[in-house]
Amino acid sequence: MSIKVILDNGEEAVYPEGTTCMDLYREKTSENSDLIAVLVDGKECDLNLPLIERSAVSFVDFDSPRGAAVYRHSASHILAHAVKRLYPSAKMGIGPAIENGFYYDFEFEKPISADDLPAVEAEMKKIIKERKPIRRREMSRAEAEEIFRAKNEHYKLELIAGLPEDVVISCYEQDEFIDLCAGPHLNHTGMVKAFKLTGLAGAYWRGDEHNTMLQRIYGTAFPSKERLEHYLSMLEEAKKRDHRKLGRELELFTLHDEGPGFPFLHNNGMVIWQELADFWRREHRLAGYEEIKTPLILNRSLWEQSGHWDHYRENMYFTKIDEQDFIVKPMNCPGAMLVYGSKMHSYRDLPRRIAEMGIVHRHELSGTLHGLMRVRTFTQDDAHIFMLPGQIKAEVAGIIGLMDHFYRIFGFDYRVELSTRPEKAMGSIEMWDKATNILEQVLKDKEIAFKINEGDGAFYGPKIDFHLEDCLGRSWQCGTIQLDFQMPEKFDLTYIGEDGAKHRPVVIHRVVYGSMERFFALLIEHYGGAFPAWLAPVQATVIPVTERSHTYAGQIIKRLKEEGLRVTVDERNEKVGYKIREAQLKKIPYMLVVGDREAENGEVAIRHREKGDLGSGNLDGFISDLKKEITEKTI
RNA sequence: GCCGACGUAGCUCAACGGUAGAGCAGCUGAUUUGUAAUCAGCAGGUUGGGGGUUCGAUUCCCUUCGUCGGCUCCA
């Protein structure tokens with residue numbers, strides 16, 4: 001008997017009955033050693049299972065996410081193997097492949113340090129060189145328990161206990177090393193061509209802070225040395241663009257021991273901040289928003305009413321005024337609710353779009369603070385939209401349009417995610433379904449691709465999140481649109497309907513930048529500090545060649561300032577090359593070199609920070625070009 | 001918060017039990033300079049704070065503050 005399978009090139013192939021994925025895989029890898037795994041009907045298959053009639057079989061290499069995951073997962077086993085050889089008493093946790101590499105968690109008798117990693121790497125290299133076959137073994141639950149009990153691997157026993165009844169339990173073996181693992185894996189250890197251990201960190205068992213802290217070893221693996229090097233140089237590039245480093249060098253902001261998580265913005269940072277805010281105000285006015293400002297500190301009773309006192313207390317800062325408890329606001333919504341509730345509304349007034357650049361304070365754990373990305377005070381570009389239930393769709397569509405407009409300006413690609421009802425949710429299931437459907441419908445109508453995050457919504461309503469992708473491929477959640485049915489209830493907000501009766505409005509919370517601080521940090525890294533002209537703290541600097549040109553330079557500066565441009569002049573007693581170097585390091589978009597020649601012809605020699613020397617031209621031409629670049633927000 | 005590492009001049013780093021040193025930046029002077037660093041000189045630090053061990057601490061120990069890398073894209 002024989003069976004037919006469909007190969008990825010669409011052809012049918014005939015094999016004897018009982019042929020397994022492994023057989024096929026062996027056959028294919030002998031032709032192409034880059035192949036990593038077999039997919040049957042689109043899923044990673046258990047290599048030992050016989051193929052069934054008309055299975056669709058395809059092969060993946062490292063360049064598919066699945067292939068890379070298999071490859072790195074095998075690397076993580078090699079890591080664990082090496083660790084067990086060097087530290088036989090170490091207990092194994094879990095060791096999955098992650099986005100850019102892999103890790104493995106261990107509990108060591110005595111904690112190891114980063115200095116121990118080279119020895120582990122060396123042992124891994126040995127294992128790779130040994131080209132140990134990696135074998136799958138399926139077994140009964142009892143047998144698996146027996147194996148890991150004998151080895152005293154209590155974390156593995158815990159994992160086995162947690163496996164569903166009906167699942168096939170499997171282990172992967174290479175030489176004396178065995179690990180509980182669903183697989184699949186590479187054929188033999190020698191297939192891992194290039195790897196590096198990249199870090200050592202603490203990690204709670206199963207990510208739960210109540211559990212033991214294990215030691216996690218991070219690593220990455222690639223099919224060639226070149227690709228590993230390339231990845232490592234990407235990390236270097238990311239380091240160069242680190243907003244904390246650039247923030248100091250370009251005098252954008254500083255952080256001080258006196259205010260952990262409370263950033264100080266310097267003049268250069270403020271210029272960019274104001275441009276971002278001005279742009280935001282303009283666009284929001286055009287989109288029909290009003291703007292408010294609510295107090296930083298408000299009475300505790302308000303926070304009890306909003307539910308923050310019950311749900312958010314450990315993140316809030318408190319103070320006392322005249323013997324009464326006050327709270328430094330962690331969110332802007334309660335204030336906005338008071339503004340809405342301060343007058344009667346007709347259905348004709350809605351929607352009311354109320355925006356606020358609101359400064360909030362949140363007590364984040366000290367270990368999570370990170371430059372401007374993760375702080376304890378930040379400015380949300382918040383807005384609350386109060387509307388009739390029938391207006392939700394149009395409002396959500398409007399916000400999506402606004403976000404798209406913003407993100408394009410900065411040159412960001414983005415991904416959209418829709419989060420649905422979490423387990424601990426308020427409100428009826430019908431209401432949730434209806435709201436979620438509306439959000440989904442808007443996304444579909446706008447033909448926006450999105451991913452659904454089941455159960456990831458806020459407790460008060462479903463939401464749409466926008467994840468921006470920066471130039472290094474990292475993603476950051478910025479914009480969010482959240483429907484809220486709870487707040488209007490808690491604050492007894494109403495509007496008078498056509499029927500003359502009181503009705504409940506619906507509220508949307510939304511942010512575009514998210515946190516101004518974090519968006520700023522993201523921009524610093526995205527542009528590597530070289531801000532487009534509309535944002536640059538200094539848009540042009542004038543460089544006189546000698547003292548003779550100072551008067552002429554003065555005239556140029558005066559003119560540029562009158563045109564509203566941000567300019568400086570470098571009148572120091574230095575050579576042109578020196579001044580240019582300095583301006584380049586400050587990433588100033590334009591340098592205007594003026595010497596005797598320029599003064600004579602009434603021109604300026606224009607140099608662009610990336611394009612270099614652009615030759616001489618008249619000042620008016622330069623001004624109009626630069627102004628155009630600024631108004632068009634050219635990237 | 002927890003685990004680990006780190007904290008020396010404005011910045012980047014050295015010295016690692018015998019009273020701290022370099023480069024860059026800064027200041028002064030000379031040089032009048034044409035598209036990424038002119039030369040010379042000067043100044044700069046209770047080595048994060050507190051405590052301990054020692055004849056002696058930047059170095060060893062404790063403590064505190066801060067910074068950095070992490071803290072389930074589930075065997």
Side-chain angles (χ1 to χ4, degrees), chain A residues 65 69 73 76-77 80 92-100 102-105 107-108 111-116 144 148 153 155-164 167-172 179-183 198-218 239 242 244-245 248-249 251 254-261 314 363-371 453 475 543-550 572-586 591-598 605-609 612-616:
Chain A
H73 192 181
S76 95
H77 274 215
M92 299 193 288
I94 60 168
I98 52 176
E99 192 167 329
N100 288 309
F102 60 88
Y103 66 79
Y104 213 110
D105 288 344
E107 182 178 43
F108 291 94
I112 61 162
S113 81
D115 300 337
D116 299 316
F148 292 104
E153 294 283 2
Y155 293 111
K156 293 293 174 188
L157 288 171
E158 199 179 318
L159 290 171
I160 294 170
L163 292 176
V167 81
V168 179
I169 295 182
S170 59
C171 284
Y172 278 78
D179 194 5
L180 177 72
C181 185
T198 50
L200 179 67
Y204 299 106
W205 168 238
R206 307 201 125 173
D208 185 336
E209 59 182 324
H210 302 294
N211 288 340
T212 324
M213 172 76 65
L214 307 178
Q215 279 192 288
R216 174 169 298 177
I217 300 176
Y218 282 92
K239 240 188 219 167
D242 192 313
R244 293 166 298 187
K245 180 171 132 69
R248 189 180 51 239
E249 288 171 358
E251 295 181 53
T254 51
L255 286 158
H256 301 265
D257 288 1
E258 290 83 350
E314 60 282 15
H363 181 78
E364 301 291 350
L365 293 179
S366 59
T368 61
L369 301 180
H370 180 94
N453 277 340
S475 89
I543 298 178
V545 176
T546 70
E547 230 168 292
R548 288 195 302 281
S549 310
H550 284 189
R572 290 177 305 172
N573 181 7
E574 296 289 352
K575 290 165 100 171
V576 174
Y578 183 91
K579 295 180 186 181
I580 285 178
R581 177 179 154 80
E582 198 125 301
Q584 286 283 155
L585 293 175
K586 285 185 183 162
M591 287 150 258
L592 302 178
V593 178
V594 294
D596 296 338
R597 290 204 294 271
E598 286 73 21
I606 305 162
R607 181 188 165 95
H608 183 260
R609 69 180 167 207
D613 194 346
L614 301 177
S616 289

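Values below: all heavy atoms of this structure, side chains included; hydrogens, waters and symmetry mates excluded. Below, read A as the first sequence line, B as the second, and so on, with proteins coming before strands; counting in each chain starts at 1.
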Have a look at A:Ala583 and say if it touches a base, only the backbone sugar-phosphate, or nothing, with a 4.0 Å heavy-atom cut-off. nothing
Side chain of A:Gln215, backbone of A:Ile112: donor and acceptor closer than 3.5 Å? yes
Integer angstrom distance from the C1' of B:G23 to that of B:A15: 16 Å
For a quick check of understanding: with a heavy-atom distance under 4.0 Å over all strands, which category does A:Ser113 fall into, base, sugar-phosphate or nothing? nothing
Distance between the P atoms of B:C60 and B:A5, in whole angstroms? 13 Å
At under 4.0 Å between heavy atoms, what does A:Arg597 touch on the DNA or RNA strands: base, sugar-phosphate, or nothing? base
Is a donor-acceptor pair below 3.5 Å formed from side chain A:Glu314 to base B:G1, judging by atom type as modelled? no
Assign A:Asp257 to base, sugar-phosphate, or nothing according to its heavy-atom contacts below 4.0 angstrom with the strands shown. sugar-phosphate
Identify whether any heavy atom of A:Leu369 sits under 4.0 Å from a base atom; if not, whether one sits that close to sugar-phosphate; answer base, sugar-phosphate or nothing. sugar-phosphate
Mind checking if A:Lys579 touches a base, just sugar-phosphate, or nothing, with heavy atoms under 4.0 Å? nothing
Need one value for A:Gly367: base, sugar-phosphate or nothing, where a base atom within 4.0 Å counts as base even if backbone is also close, heavy atoms only. base
What is the nucleic acid contact for A:Glu249, judged by heavy atoms within less than 4.0 Å: base, sugar-phosphate only, or nothing? nothing
For B:U63 versus B:A25, give the span between their P atoms, rounded off to a whole number of Å. 42 Å
Ignoring hydrogens and geometry beyond distance, is the side chain of A:Glu99 in donor-acceptor contact with the base of B:C73 at under 3.5 Å? yes
Are there more than 12 heavy atoms of other residues, nucleotides or ligands under 6.0 Å from atom CD of A:Glu158? yes
Base, sugar-phosphate alone, or nothing: which one does A:Glu209 contact when heavy atoms must sit under 4.0 Å apart? nothing
Expressed in whole Å, how much space separates the P atoms belonging to B:C61 and B:C73? 35 Å
Using a heavy-atom cut-off of under 4.0 Å over every strand shown, decide if A:Val545 touches base, sugar-phosphate, or nothing. base
With under 30° as parallel and over 60° as perpendicular, where do the rings of A:Tyr155 and A:Trp205 fit, or are they tilted in between? tilted
Tell me what A:Ala114 touches on the nucleic acid: a base, only sugar-phosphate, or nothing, going by heavy atoms under 4.0 Å. nothing
In whole angstrom, give me the gap between the C1' atoms of B:G69 and B:C62. 25 Å
Please state how far atom NZ in A:Lys586 lies from atom P in B:A36, giving the value in whole angstrom units. 17 Å
Looking for any heavy atom pair under 4.0 Å, which part of the strands does A:Ile98 touch: base, sugar-phosphate only, or nothing? nothing
Touch class at under 4.0 angstrom, heavy-atom based, for A:Tyr204 against every strand present: base
Rounding to an integer number of angstrom, what distance separates B:C55 and B:C11 when you compare their C1' atoms? 38 Å
Remember a base hit wins even if backbone is also touched, and classify A:Asp596 as base, sugar-phosphate or nothing at under 4.0 Å, heavy atoms. base
For B:A43 and B:C27, measure between their C1' atoms and round to the nearest Å. 7 Å
Spacing of the C1' atoms in B:U28 and B:G17 (rounded, Å): 39 Å
From the options A:Lys245, A:Arg244, A:Lys239, select the one residue that forms a salt bridge (Lys or Arg N to Asp or Glu O under 4.0 Å) with A:Asp242. A:Arg244
Is the phosphate of B:G69 approached by A:His370 (side-chain N or O, under 4.0 Å from OP1 or OP2)? yes
